[in-house]
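See below for the structure under consideration.
Values below: every heavy atom of this structure, side chains too, minus hydrogens, waters and symmetry copies. Residue numbers begin at 1 in each chain, while the letters A, B, ... track the order of the sequences.
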Number of protein chains: 2
Amino acid sequence: MKVKLEDVAKLAGVSPTTVSRVLNNRGYISDKTRKKVEDAVEELNYYPNDIARSLFKKRTNFIGLIVPTINNPFFSELSFYIEKISSNLGFKVILCNSLGEFEKEKSYATMLIRHQVDGIIVCSYNRGIEAYDNPRLPIVAIDHYLSPTIPVVGSDNYQGGYLAVKHLIDQGCKKIIHINGPGDLETPTQNRRKAYEEIVDNPITYELNNLFNEEETAKTIRKIFRDHPDVDGIFASDDITAAVCLNVADELNISIPNDLKVVGYDGTDTVLSLLPHLTTIQQPIEEIANTAVLILNKLINDFEIERNTESVLAVQLVKNSTT
Amino acid sequence: MKVKLEDVAKLAGVSPTTVSRVLNNRGYISDKTRKKVEDAVEELNYYPNDIARSLFKKRTNFIGLIVPTINNPFFSELSFYIEKISSNLGFKVILCNSLGEFEKEKSYATMLIRHQVDGIIVCSYNRGIEAYDNPRLPIVAIDHYLSPTIPVVGSDNYQGGYLAVKHLIDQGCKKIIHINGPGDLETPTQNRRKAYEEIVDNPITYELNNLFNEEETAKTIRKIFRDHPDVDGIFASDDITAAVCLNVADELNISIPNDLKVVGYDGTDTVLSLLPHLTTIQQPIEEIANTAVLILNKLINDFEIERNTESVLAVQLVKNSTT
DNA sequence: TTCCATATGTCAACCGCTTGATATATTTTC
DNA sequence: GAAAATATATCAAGCGGTTGACATATGGAA
C-alpha cells in the first residue's frame, strides 16, 4: 500500500489534521510537532496525494494544451515555452496532438474537462466543439478564433505578410506567388494572405489542403513551377513549406536567390539553425506563449476578466540569403 | 456549481448508484432506466469527474513524460509518437522539459508521483533521483540507464556508430572526427562513440558540454577545423550538430561532400525535410515510442514483469549527398 | 400458491486529503 | 488566582465518484 497521511500521523503520534497543517503551513504548529511530522514524512518517504487534494480543492493545477502536432518546429517551440512558463506558475501541462482532426480534438477536449483541468490552451482549429462553449472553462486560443468569448493570442499576421511581400518586391521580384494553408479556416493566419493579396497586383495563392504532409507540398510546388515558370518570388506561409520550395528548386536547378527568392514564416530556432540561409518572418514565439499562459492564468483566477480580447504581437523580418 | 452525478440522478429520478452503473456499464440496467439517465446526462451537459473516479480507483491514466526539451526534432518526434500511442491506450501524457537539469528533473519526478501518475517515461539523464527508486512505480527509460530495475528502450547505438563510420571510410575519408555529448553520461549513446573509437585508427572525439546550444556547438566546430585542417569526415552524434557542421563548413568555404563528408544521427522527419541532403543514421523513433509505451503499459498492469530488460532496435543509414 | 432465479435499485462505506468547528492546554493580564 | 487571550491539537463532514452488500420487484416453474 501507498503511504498516506494517516500513516505519517500515526508514526508522528499526532492526528491527520496536524499533519495536514504542517504540510500546508496552516494554523499554529509548535516546532516540536512540526519536526516530528517532518521526520515521519522523511522516514516513510511520503508523497501527498495530489488527486485527493485536487478533489477537495476543486483545483488541479492542470492545463491542457491542444496542438495539431508537436512534431513540428513551430508547435514544439511554442509548447516548450508554454510548458516552461506554466510550470513556473505551478501548472502541469497535458499534451494533446489533435492532428487537426475534429473527432480527435473533440475527444481530447472532453477528456480534459473530465480530468478537471483548470484551463486549456488551444492551437488547433476546429470550431463547433461543444466542450469549448462552457463559459466557466478558461480557454485561450492561439492564432485561431474559436468563439467570441475566447481570447486569442497571436502575432501580427498582416504585418508579417506585408513585410514578407514588401521585402520580395524590394529585392526585385516581379511575380510573387503565395502558398498558404486551407483557405476555409477562419484563422488570423489568413491575414498573411490578405496582406499579400492586397499588395501584389495579380495575386496567385496556392492552397495546401494537407498540412504536415511534405510529399503533397512538394507536388504542389512542382505544379507552381510548371504553371508559372516565370515565378521569381515565393512567400510561403511557414518555414517547412519554404524549405520544401528550396528543395524542389534545387531539384529543378533553379538558383536561389538569383532565379527565385523565397521567404518563409515562423522563424523557429530549429529551422534557423538547420537552414540559416532562410529568409523568414519570425514570430515572437516565447512572447506568444507567455501572453497566452498569463491570460489563461488570469482567467483561471478571476472569471470576471475581459474575455473578448485579441493580443497581437509584433513579428520581424529575418533577412538571409534566400532573398 | 458544476453538475455532478447526484444532479443527474435527481433529474433522472434514480439513485446515484444507478447513474454510475449506467455510466460504467455495470450490473443490470433496463433500457428504460438507461435512457432516462442518458437523457439527463445530455440535458445537464454532465461530464464525470475523473479526479474523483481516479481517487477511488487508484488509477489516473496519466503518464509522465520527461524529456530534456521538446524543442528539438528528435524529442518532439518521439514525444509525438509516445503521446499518440499512449492516447490509444487511454493514457494522457503530462509533458515535462527537464532541460537536463538535476533539480528540474527531480521536482518534475516528485510532482508526477504526487499526481499519482500510473507510470513515467524518462528520456532525460539524471541519475540519483530518489523518486525513481520506488519499485512500485512503473518507469521506462529511453536511451539512458537509470537503475538496474528500470527497463531501457533505445536503438542500436553501436551499430549506428559503426554504420556511420564505416560509410565515411567507404567514401574515402582518411581523417574522421567524432562529435559527441558529454562523455561522463552513462548512456547507451556512448556506444556510438565506442564504435567510432574502435574502428578508427586515431580517434579524435570532441565533446559538447552544452547540448542544445548551437552557438557553443559552432565554436567547437570551428575549433575542430582549426585544430585539424585535414579533417575530411565528421560523424556528429545528432543531426543538429551535423547541420551546424554544414553551416560552419559553408562559412569557411569548405566544400561538401568534396572536402568534407558529414554524417548526422537521428534522421527525424523534420530534419530530413529541411535538409534532405544530410546523410544520417536514422533511429526508429516510432518503434522506440511504441516499445516504451507497451513496456510501460505492461508494467502498469502487471508488476511481476521482468524489469531488467534492454530493448535494442535497429537503426538505418540514410545516404544522401553530404557524403 | 409457493419458491427461486433473474432483473433492477438503493445504502453506506470508502478513496486520501482539507478545514470549520470545537476542545484542551498554556500563557498573559490584572 | 481567575478570566481572557493565545497556542495546539482533534473531530467529523465533505470533495465526487464507485462498489459490495442488501432489498425489492418480476416472472416462471413446480
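- Using a 4.0 Å heavy-atom cutoff across all strands shown, B:V14 reaches sugar-phosphate atoms only and no base atom.
- The environment of B:K84 atom NZ is sparse: at most 12 non-hydrogen atoms of other residues, nucleotides or ligands sit within 6.0 angstrom.
- Across all strands shown, B:S30 has heavy atoms under 4.0 Å from sugar-phosphate atoms exclusively, and none from any base.
- Here A:P16 lies out of heavy-atom contact (under 4.0 Å) with every strand.
- Minimum atom distance to the side chain of B:F56 is reached by D:dT18, of the listed C:dG16, D:dA9, D:dT18.
- B:T18 has a side-chain polar atom (N or O) that falls below the 4.0 Å cut-off from OP1 or OP2 of C:dT10.
- Taking side-chain N and O atoms only, B:Y28 has no distance below 4.0 Å to OP1 or OP2 of D:dA25.
- Under the rule for a side chain to side chain contact (heavy atoms under 4.5 Å, CB included), the partners of B:L89 that lie at least two apart in sequence or sit in another chain are B:F91, B:V293, B:L294, B:N297.
- Phosphate contact (OP1/OP2 of C:dG16, side-chain N/O of A:K4, threshold under 4.0 Å): present.
- For B:R26 and D:dT18, the shortest distance from a side-chain N or O to OP1 or OP2 is not below 4.0 Å.
- Nucleic acid contact for B:N24: sugar-phosphate only, since backbone atoms but no base atoms lie under 4.0 Å from a heavy atom of the residue.
- A sub-4.0 Å separation between OP1 or OP2 of C:dG16 and a side-chain N or O of B:K58 is present.
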Tabulate atom names and distances for all N/O pairs under 3.5 angstrom spanning the protein and nucleotides 21-28 of chain C.
none

